[in-house]
Amino acid sequence: MATTGEAQPTKHQEVGHKSLLQSDALYQYILETSVYPREPESMKELREVTAKHPWNLMTTSADEGQFLNLLLKLINAKNTMEIGVYTGYSLLSTALALPEDGKILALDINRENYEIGLPIIEKAGVAHKIDFREGPALPLLDEMVDDVKLHGSFDFIFVDADKDNYLNYHKRLIDLVKIGGVIGYDNTLWNGSLVAPPDAPLRKYVRYYRDFVLELNKALAVDVRVEICQLPVGDGITLCRRIS
């Protein structure tokens with residue numbers, strides 16, 4: 001318990017804030033020192049527009065957006081896929097990182113949310129890199145897996161969608177990402193709930209998806225086809241580099 005007169009920590013209000021850092025002040029320091037000064041104006045605008053949406057917690061955090069942007073440049077990604085788009089903050093981060101002839105296959109069940117960010121993406125001059133498809137991802141992925149010419153054709157794939165299908169996605173994406181390519185799974189620390197006791201008071205959706213995230217993490221840990229690294233960025237992101 002804090003001593004008398006000690007300032008009490010306040011809950012961080014930043015949109016997309018999912019950091020597991022124990023200190024919100026330290027997270028704010030990261031944002032103000034390293035993230036916001038380098039955030040492209042278009043991403044800032046989209047972040048602020050998304051903050052007004054009632055489901056704004058679904059957005060990728062600014063620090064994770066910065067991480068993805070740099071990662072894509074480091075691996076020289078050119079052909080990518082994103083499953084789960086929402087208003088497009090991570091999508092814009094990817095599009096800005098790719099070369100002029102880079103491509104992103106963007107899959108989401110809700111075009112209306114995507115169109116919130118589309119004018120900003122267009123203004124940023126990167127909309128031509130995006131092939132948006134509305135609808136469930138699994139049927140399209142099955143079609144792609146059936147086409148052997150598409151095997152190993154993606155440099156990077158980012159998954160931030162329905163957690164109960166993460167393993168189903170992985171079974172398909174492992175064929176579509178190239179050897180040496182990377183798949184990133186978002187929310188793999190799931191609000192810190194993975195280590196919560198069984199009777200912990202959790203929000204209904206957090207409790208529902210927790211077991212699926214636990215199952216994914218266990219499966220990735222023993223999947224010899226990939227090297228993995230789980231990072232406490234945002235709500236946790238696990239990178240899988242395909243090696244076979």
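Residue Leu150 is grouped with residue Ile83 when hydrophobic side chains (ILVMFWY) are merged at heavy-atom distances under 4.5 angstrom, including chains of intermediate members. In terms of hydrophobic clustering, with Ile, Leu, Val, Met, Phe, Trp and Tyr side chains grouped at heavy-atom distances under 4.5 Å, Leu220 and Leu189 are assigned to different clusters. Taking hydrophobic clusters as Ile, Leu, Val, Met, Phe, Trp and Tyr residues chained together by side-chain heavy-atom distances below 4.5 Å, Leu141 shares a cluster with Leu216. In the hydrophobic clustering of this structure, Met144 groups with Ile183; members are Ile, Leu, Val, Met, Phe, Trp, Tyr whose side-chain heavy atoms approach within less than 4.5 Å, directly or through other members. Placement of Leu167 and Tyr209 in two distinct hydrophobic clusters is found when ILVMFWY residues are connected by side-chain heavy-atom separations under 4.5 Å, directly or transitively.
Checking side-chain atoms of Arg172 against main-chain N and O of Asn168 turns up a donor-acceptor pair under 3.5 Å. Without hydrogens or angle criteria, Trp190 side chain to Asp235 main chain gives no donor-acceptor distance under 3.5 Å. Of the possible polar contacts, one joining the Lys129 side chain to the Ala95 backbone as a donor-acceptor pair under 3.5 Å is found. Side chain of Arg242 to backbone of Ile174: a donor-acceptor contact under 3.5 angstrom is found. A donor-acceptor pair is defined here as one N or O able to donate and one able to accept, closer than 3.5 Å; no such pair exists between the side chain of Thr238 and the backbone of Gln230. Put simply, the side chain of Glu122 never gets that close to the backbone of Ala127: no donor and acceptor are under 3.5 Å apart. Without hydrogens or angle criteria, Asn113 side chain to Tyr86 main chain gives no donor-acceptor distance under 3.5 Å.
Separating the CG atom in Asp142 from the CG atom in Leu138 is a distance of 6.5 Å, to the nearest 0.5 Å. Expressed to the nearest 0.5 Å, how far CG of Leu96 lies from OG of Ser42 amounts to 4.5 Å. The CD1 atom of Ile116 lies 13.0 Å from the CZ atom of Arg111; values are rounded to the nearest 0.5 Å. For the atom pair CG (Asp186) and CD1 (Ile237), the distance works out to 5.5 Å, reported to the nearest 0.5 Å. Going from atom NE2 of His151 over to atom CD1 of Ile179 covers 12.0 Å, rounded to the nearest 0.5 Å. If you take CG on Asp101 and NE2 on His128, they are separated by 8.0 Å, rounding to the nearest 0.5 Å.
Here Phe158 pairs with nothing under the ring-ring contact (aromatic ring centres under 6.0 Å, His included) rule; sequence neighbours left out. Here Asn76 pairs with nothing under the side chain to side chain contact (heavy atoms under 4.5 Å, CB included) rule; sequence neighbours left out. Applying the salt bridge (Lys or Arg N to Asp or Glu O under 4.0 Å) rule to Asp164 yields no partners; only residues at least two apart in sequence or on another chain are considered. With sequence neighbours left out, the side chain to side chain contact (heavy atoms under 4.5 Å, CB included) criterion links Leu74 to Leu70. Lys171 meets the side chain to side chain donor-acceptor pair (under 3.5 Å) test with no other residue; sequence neighbours excluded. Legend: residues meeting side chain to side chain donor-acceptor pair (under 3.5 Å) with Asn69, ordered by chain and number and at least two apart, are Lys73. For Glu143, there are no side chain to side chain donor-acceptor pair (under 3.5 Å) partners two or more places apart in sequence or in a different chain. Annotation: side chain to side chain donor-acceptor pair (under 3.5 Å) contacts of Glu64 (sequence neighbours excluded): none. Remark: Ile109 pairs with no residue by the side chain to side chain contact (heavy atoms under 4.5 Å, CB included) rule, at least two apart or across chains. In this structure, the side chain to side chain contact (heavy atoms under 4.5 Å, CB included) partners of Lys123, at least two apart in sequence or on a different chain, are Glu45.
Pairs passing the ring pair (Phe, Tyr, Trp, His ring centres under 6.0 Å) check and including a residue from residues 211-244, sequence neighbours excluded, read Tyr208-Phe212. The salt bridge (Lys or Arg N to Asp or Glu O under 4.0 Å) contacts involving residues 206-225 comprise Asp223-Arg225, where partners must be two or more places apart or lie in separate chains.
The closest side-chain donor-acceptor pair between Asn79 and Asp155, if any, does not fall under 3.5 angstrom. Judged by distance alone, the side chains of Ser193 and Asn191 never bring a donor and an acceptor atom under 3.5 Å apart. For the 3.5 Å distance criterion, the side chains of Asp63 and Tyr27 qualify, holding a donor opposite an acceptor. There is a side-chain donor-acceptor pair under 3.5 Å between Asp162 and Tyr169. Checking Thr80 against Thr94 by side-chain atom types alone, no donor-acceptor pair falls below 3.5 Å.
Within the 4.5 Å cutoff, the side chain of Lys178 has no heavy atoms near those of the Phe154 side chain. Looking at heavy atoms from C-beta onward, Thr59 lies out of side-chain contact with Arg47 at the 4.5 angstrom threshold. For the pair Asp131/Ile104, no side-chain contact is recorded, criterion being any heavy-atom separation below 4.5 Å from C-beta on. Counting heavy atoms from C-beta on, the side chains of Leu194 and Val213 come closer than 4.5 Å. Residues Thr87 and Val49 form no side-chain contact, since every pair of their non-hydrogen atoms from C-beta on lies 4.5 Å or further apart. Between Phe67 and Leu231, some side-chain heavy-atom pair lies under the 4.5 Å cut-off. Looking at heavy atoms from C-beta onward, Gln66 lies out of side-chain contact with Glu39 at the 4.5 angstrom threshold. Residues Leu140 and Arg133 have side chains in contact (heavy-atom distance under 4.5 Å, counting atoms from C-beta outward).
Considering all non-hydrogen atoms of both residues, Cys240 and Ile228 come closest at SG-CG2, 4.0 Å. Closest heavy-atom contact between Ile120 and Leu46: CD1-CA, 3.6 Å. Closest heavy-atom contact between Ala62 and Leu31: CB-CD2, 4.2 Å. Considering all non-hydrogen atoms of both residues, Asp160 and Lys163 come closest at OD1-NZ, 3.2 Å. Scanning all heavy atoms of the two residues, the minimum distance from Ala106 to Val85 falls at CB-CG2, 3.8 Å. A pairwise comparison of heavy atoms in Thr33 and Pro37 identifies O-CG, 3.6 Å as the closest pair.
Ring planes of Tyr185 and Tyr166: tilted class, angle from 30 to 60°.
Applying the 6.0 Å contact sphere to NZ of Lys103 captures more than 12 heavy atoms from other residues, nucleotides or ligands.
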(message) The test is side chain to side chain contact (heavy atoms under 4.5 Å, CB included); show your working for Phe156 and Val177 and say whether it passes.
(response) CA-CA 7 Å; Phe156 179 78; Val177 71; over 6 Å; no
(request) Run the numbers on Leu105 and Leu107 for side chain to side chain contact (heavy atoms under 4.5 Å, CB included), then give the verdict. (result) CA-CA 7 Å; Leu105 177 60; Leu107 312 179; 3.8 Å; yes
